[in-house]
Protein chains: 2
Amino acid sequence: MNNNDISTEQIILEAAEAEFLDKGFGNAKMMAIAQRAGVSHSMLHYYFRKKENLFQMIFRQKVQSLSQIFEEIGRQHLSFFDMIRLVVECQFDFVARNPKLPLFVLNEIVSKKENLDLLLDIVRPKLTEIFERMEPALNEEIAGGTVRPVKIRDLAMNIISMNVSTFIFMTSIMENILPGADDKMKEMYIQERRESNVQFILNALRPL
Amino acid sequence: MNNNDISTEQIILEAAEAEFLDKGFGNAKMMAIAQRAGVSHSMLHYYFRKKENLFQMIFRQKVQSLSQIFEEIGRQHLSFFDMIRLVVECQFDFVARNPKLPLFVLNEIVSKKENLDLLLDIVRPKLTEIFERMEPALNEEIAGGTVRPVKIRDLAMNIISMNVSTFIFMTSIMENILPGADDKMKEMYIQERRESNVQFILNALRPL
DNA sequence: ATTATCTATAGATCTATAGATAATGC
DNA sequence: ATTATCTATAGATCTATAGATAATGC
């Protein structure tokens, strides 16, 4: 009953993850999580005491997984343009693997300040590191006339915007863009969209 | 007591709008709406019977106000590049005036298929009209070598993405981008961001 | 003896309605 | 006589806990 212990706790966490990502904190129900996990709802309180605690575990875990892509990007050493391409692609692929994550995180940081603070605590150091490396590289390209003058903050925001939106909108609108498409066609569209984003960003950076 | 009637109904609608935009359908509470409106909660049922009905009125109204900007854009007759600028700026200004609207609408269409259907019914005809006018113009520019080959769908999605994200992110992150900024500084940043979006889009369209 | 699980239920909250009361129009 | 408003409350749902029961480890 000791190893079974870990398993139940894990099953609950997975059920909670699914429920919270689908519904958000406020609309997620403890009973629904229990049902997804196939255990009595009192089990959730046995392991996690409060809904809040269960949520914190999921939210922190998701924010951490999000921060890992920045770490991954930070490790590479590439030319400026290859770096931009890598940033766009890495981010795009992450959102493709976690399509519900952006809207979930967004809603929770908007609705509760503590969640935003947690996110900033975890993400900011890694983001700062990338900025500190990319900003001089960007300014060098601008000085050399190979990149149009842009602020790195605007650039970062545009990259995130385009990649995230692809999936936020797509979830609801895919059936409308590609009516009756099967999974292979959807996958093809996603790949097209990925390269389109890369090209769009790179082109927007070209000097006049 | 006949004109007072209309007024109370209106006050409730305004309170409901604020509550729904802040919290979304599921997290909005009838009691909270009543409190915002300064009336007994039974008044909400007297005028609107169910929470669902009250929500529908607000949601439909918001989607309609959203669809109006497309109508507005559709009325203009301009050159291709001026049209792009107009689309970006109109959209940006609309979101600036209604900063909570995008996330609200997004959440409701994701969580309930009927809401998406309503949105599509109202927005699609107007969007189609713009597409039908813009697509030939775009293809002409591409054929003439004045615009890089892009699909109009990708372009539209990128414009929406960048404008919407500006405000979705900004609501939560402004304090972080401009720590301790007053309203005038925030307004300046928003205007900067507006022109930055226009330039980014136009530049991304330039031919190789 | 401890750990894991379930059933039952308390207590809070939320939507919706019933029924009383006051205010207006005929 | 109708319309607008309030109070009280039914009925549903949700979180959290208490207490019983079964299963494991010593």
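Proteins come first, then strands; the chains are lettered A, B, ... in the order of their sequence lines, and each starts at number 1. Computed from heavy atoms alone, side chains included, the values below leave out hydrogens, waters and symmetry copies.
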Tell me the interatomic distance from A:R49, atom CZ, to D:dT17, atom P, rounded to whole angstroms.
5 Å
Under 3.5 Å on both distances, the Watson-Crick or G-U partner of D:dT15
C:dA10
Should C:dT2 form a Watson-Crick or G-U wobble pair with both distances under 3.5 Å, which nucleotide is its partner?
D:dA23
A:M57, CE atom: more than 12 neighbouring heavy atoms under 6.0 Å
no
Separation between CD (B:Q76) and CD1 (B:I130), nearest 0.5 Å, reads 10.5 Å
Assign [X] to base, sugar-phosphate, or nothing according to its heavy-atom contacts below 4.0 angstrom with the strands shown.
{"X": "A:A32", "result": "nothing"}
{"X": "A:M43", "result": "base"}
{"X": "B:A28", "result": "sugar-phosphate"}

Side-chain N,O ([X]) to OP1/OP2 ([N]) below 4.0 Å:
{"X": "A:T8", "N": "C:dT5", "answer": "yes"}
{"X": "B:K29", "N": "C:dC14", "answer": "no"}
{"X": "A:Y46", "N": "C:dC6", "answer": "no"}
{"X": "B:H45", "N": "C:dA16", "answer": "yes"}

Looking only at the side chain of A:K50 (C-beta and beyond, no hydrogens), which of the listed nucleotides D:dT15, D:dA16, C:dA16 gets closest?
D:dA16
Would you call the rings of A:F20 and A:F55 parallel, tilted or perpendicular, taking 30° and 60° as the class edges?
perpendicular
Does any N or O donor sit under 3.5 Å from an N or O acceptor when you compare the side chain of B:S42 with the base of D:dT7?
yes
Under 3.5 Å, is there a donor on one side chain and an acceptor on the other for A:E72 and A:Q68?
no
